[in-house]
Amino acid sequence: MDCPEPKRNEAAVACPSNDALEEILSRLRAKLLCRFKCVSKAWCSLIADLLRRRKSLQTLQGFFYGSGGENYGHFTDLPGGSAPPFDHSFSFLTQQVGIKYIFLLDSCNGLLLFGHREDPDATVDSLGYIVCNPTTEQWVAVPSSRRSTGSDPFEFEHDSSCTFLIFDPDASSEFKLLQLWHVIEDAGVRTYSSESGAWSYRESEWMYLVIRFSAGGAFVNGMFHFVVPRNNNDKDQIVVIDAEGKTRKIIQMPQNSGFLAFVGLSQGHLHCIKSQMREVTELSIWVLEDYDTGEWVLKHTVSTLELFGRTSCKLHFHFTVVAVHPYRNLVFFHQLWNKKLISYDMDRREVCPLCSPQDNNIDMRVLCTLGNS
């Protein structure tokens, strides 16, 4: 890095070498480290690389899933791993007074998001949330978004919505909830901040008829990314909104044809998985190499015959895409015909089953990842 020229009559101060600077910065906590990104472009690049390498040393531990009417309490670790050291039954939650019916909704950087109802037959207006750290057994209750957003003009009893958890321990100890919903031709965003303890409502700026909840979502560069189809045709695109629900960017999908089956974050880049249509014979995996220009690069292709032993499959009828590994070239799929979770290694072109035969009757419609954070 270049050092500024010393002023006249002022003693020159030597700048540390790149190696020395990297050694100094690597000893700082992530939250403090992020503050130095604004020093210069060179510092920003170096710090971003340090954070990526730091995260690459972390591991994905596995997946939570449900069984029958209780979609929590079961855990599948990855090959070579072991179950994390905590109570999978979440008794520290279920034994609390007033907590009766919980179900997994999402996970983010070691925290889990549960939906909660005191009465299983109650309306959606009574639905609250619980965010917990299963390792420390710390948890916090979040009120229903319906009871807290009096300015929401679309308070229907039954709308199509999905709630996501946002938590970045490198930036803050606070978490946020992002609730996307649509009904008929209207759509909106409700957001919750643990710092303010309140929900807020924002009318949709994209106004799409359908939000592709089944395609997942990704928290990248401080923004949430999710899939929606364009108006009046079948072409998909990725909408980017901030933690307050404001639309910041639209990312066009790679090529003009195909169906976006999944979006996720892996190795610091946004990834998407495409199929020709819902009747699938081949999947293509793309990586967003340049976030600013929207340049997609084809990373891998694989046939359903290689993955599932079938010449063709229907997306969401025969299989779903569960996740991409955050640090490796692995994709996880759920085979719906036998309720098996499998992984696919892009480097070795190998399929590995993750669930034992006794897990055949599990319900993996909701799967949450858990990693070391």
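Numbers here are sequence positions counted from 1. Quantities reported herein were computed from a predicted structural model and do not represent experimental measurements.
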Q: Test of understanding: with side-chain contact (heavy atoms from CB on, under 4.5 Å), list the residues that count as partners of Glu137, not counting sequence neighbours.
A: Phe92
Q: Val287: which other cluster members, linking ILVMFWY side chains closer than 4.5 Å, directly or transitively?
A: Val297
Q: Would you confirm whether His269, through its side chain, and Leu288, through its main-chain N or O, come within 3.5 Å as a donor-acceptor pair?
A: yes
Q: What residues, two or more places apart in sequence or in another chain, satisfy ring pair (Phe, Tyr, Trp, His ring centres under 6.0 Å) together with Phe175?
A: none
Q: Residues two or more places apart in sequence or in another chain: which of them pass side-chain hydrogen bond (donor to acceptor under 3.5 Å, both in side chains) with Ser303?
A: Glu306
Q: Is a side-chain N or O of Ser172 found less than 3.5 angstrom from the main chain of Glu174, in a donor-acceptor match?
A: yes
Q: Parallel, tilted or perpendicular, judged at 30° and 60°: which one describes the rings of Phe224 and Phe164?
A: tilted
Q: According to side-chain contact (heavy atoms from CB on, under 4.5 Å), who are the partners of Asp292, at least two apart in sequence or on a separate chain?
A: Asp290
Q: Among Leu165, Leu178, Asp168, Leu265, find the residue that satisfies the side-chain contact (heavy atoms from CB on, under 4.5 Å) test when tested with Phe219.
A: Asp168
Q: Once you round to the nearest 0.5 Å, how far does CG of Leu177 lie from CZ of Arg190?
A: 12.5 Å
Q: Could you tell me which residues satisfy side-chain contact (heavy atoms from CB on, under 4.5 Å) with Phe114, sequence neighbours excluded, listed by chain and number?
A: Tyr72, Phe90, Leu93, Ile102, Leu104, Leu112, Ile130, Cys132
Q: List in chain and number order the residues that pass side-chain hydrogen bond (donor to acceptor under 3.5 Å, both in side chains) with Thr301, two or more places apart in sequence or in another chain; answer none if no residue qualifies.
A: none
Q: Which residues pass the side-chain contact (heavy atoms from CB on, under 4.5 Å) test with Thr311, not counting sequence neighbours?
A: Leu305
Q: Can you list everything that forms a ring pair (Phe, Tyr, Trp, His ring centres under 6.0 Å) with Tyr291? Sequence neighbours excluded, please.
A: His225
Q: Among all residues two or more places apart in sequence or in another chain, which pass the side-chain hydrogen bond (donor to acceptor under 3.5 Å, both in side chains) test with Thr94?
A: none
Q: Just jot down the side-chain hydrogen bond (donor to acceptor under 3.5 Å, both in side chains) partners of Glu295, sequence neighbours excluded, or say none.
A: none
Q: Under the rule for ring pair (Phe, Tyr, Trp, His ring centres under 6.0 Å), what residues qualify as partners of Phe262, not counting sequence neighbours?
A: none
